[in-house]
Participant: 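Below is the structure I would like to discuss, written out as structure tokens.
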Amino acid sequence: MKITDFSRLCIHTMTTKPWSLEEAIAGYHHAGIPGITVWRHHIEPFGPSEAAKLLHDSGLKVVSLCRGGFFPATSAAAREKARDDNRRIIDEAAMIGAPLVVLVCGAVPGLPLSDARQHILDGIAAVLPHAAASGIKLSIEPLHPMYADDRSAVNTLEQANNMVSALKSPWLGVTVDVYHCWWDPMLKSEIERAGDTILSFHVSDWRTPTRDILNDRGMMGEGCIDIRSIRRWVEHAGFRGFIEVEIFSNQFWQWEQDKLLERIKQAYLTSV
Ligand code: ZN
């Protein structure tokens, strides 16, 4: 790889949260960053057709749409509504040219995790036909167990791989996010097992101490995650896609976002 090769660099719009979608497109373009993963929060103010037009005209590669999921619920009606929401999100992905919807699978405080996991499996099974018919892949992103109460009952790559094995669809795979998976003693072997079902790869770093469990992710190289080894493992498994920088950070959101992009490019070269 050439020292200044940014051809696989992608930024999540949540990384530059203060920017509107329009500003993010202009900023990434200006910084020479070719990939964008779009969060639905950034589509909402424009609506999907206007967002689609902005993205199409931008020349940026839309890597994925974040996020679908949140399947578990305490009533059957609410679970059905979640499935409808996911079908709509799949339609939105098709409109904006995203080949992939990343699933934050969901959890409900008080609902047994075993029930939540069954709701997730059943929910994905229910929406997969719509994803396949729309030509959109779904990717299960395991979340760090600190989010098992209200964000995701899928907390290890092993669980995600088991769901992919159970559902046997070419339209379903997994996302490896170093922030969520770095601690897992089974990570290397589960990455090998996932092989070509790895659909996306997210990077950031783990700060010590972590000051906020949602919005204190570190810049790559700033924390304790061995990002390079994990990258090597996913590439050894066959992954050749974009490397997506997904940093939720109260600290970095206060920066001038152009400066943040330059910092990310530097960290990408030295620490990813
Ligand atoms: Zn992620």
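As the structure lists them, so they are numbered: ligands from 1, and atoms in each ligand from 1. The chain is numbered in sequence order, starting from 1.
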Participant: Is the count of non-hydrogen atoms from other residues, nucleotides or ligands lying under 6.0 Å from Glu22 atom CD greater than 12?
Facilitator: no
Participant: Closer than 2.8 Å to the Zn ion (ligand 1): does that hold for any N, O or S atom in Glu244?
Facilitator: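 No, Glu244 does not qualify, because none of its backbone or side-chain N, O or S atoms lies under 2.8 Å.
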Participant: Measure from the Zn ion (ligand 1) to every N/O/S atom of Glu141 and report the name of the nearest one.
Facilitator: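 Closest to the Zn ion (ligand 1) among those atoms: OE2.
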Participant: So, Lys137 side chain and Leu199 main chain: donor-acceptor pair closer than 3.5 Å or not?
Facilitator: no
Participant: Once rounded to 10 degrees, what value does the angle at the Zn ion (ligand 1) take between ND1 (His202) and OE1 (Glu246)?
Facilitator: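 Reported to 10°, the angle equals 100°.
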Participant: Would you name the N/O/S atom of Asp177 that lies closest to the Zn ion (ligand 1)?
Facilitator: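 Looking at Asp177, the N, O or S atom with the least distance to the Zn ion (ligand 1) is OD2.
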Participant: Closest approach of Val101 and Arg67, non-hydrogen atoms and distance?
Facilitator: CG1-C, 4.5 Å
Participant: Could you walk me through whether Arg193 and Glu190 pass the salt bridge (Lys or Arg N to Asp or Glu O under 4.0 Å) test, one step at a time?
Facilitator: CA-CA 5 Å; Arg193 177 182 165 209; Glu190 288 298 324; 2.9 Å; yes
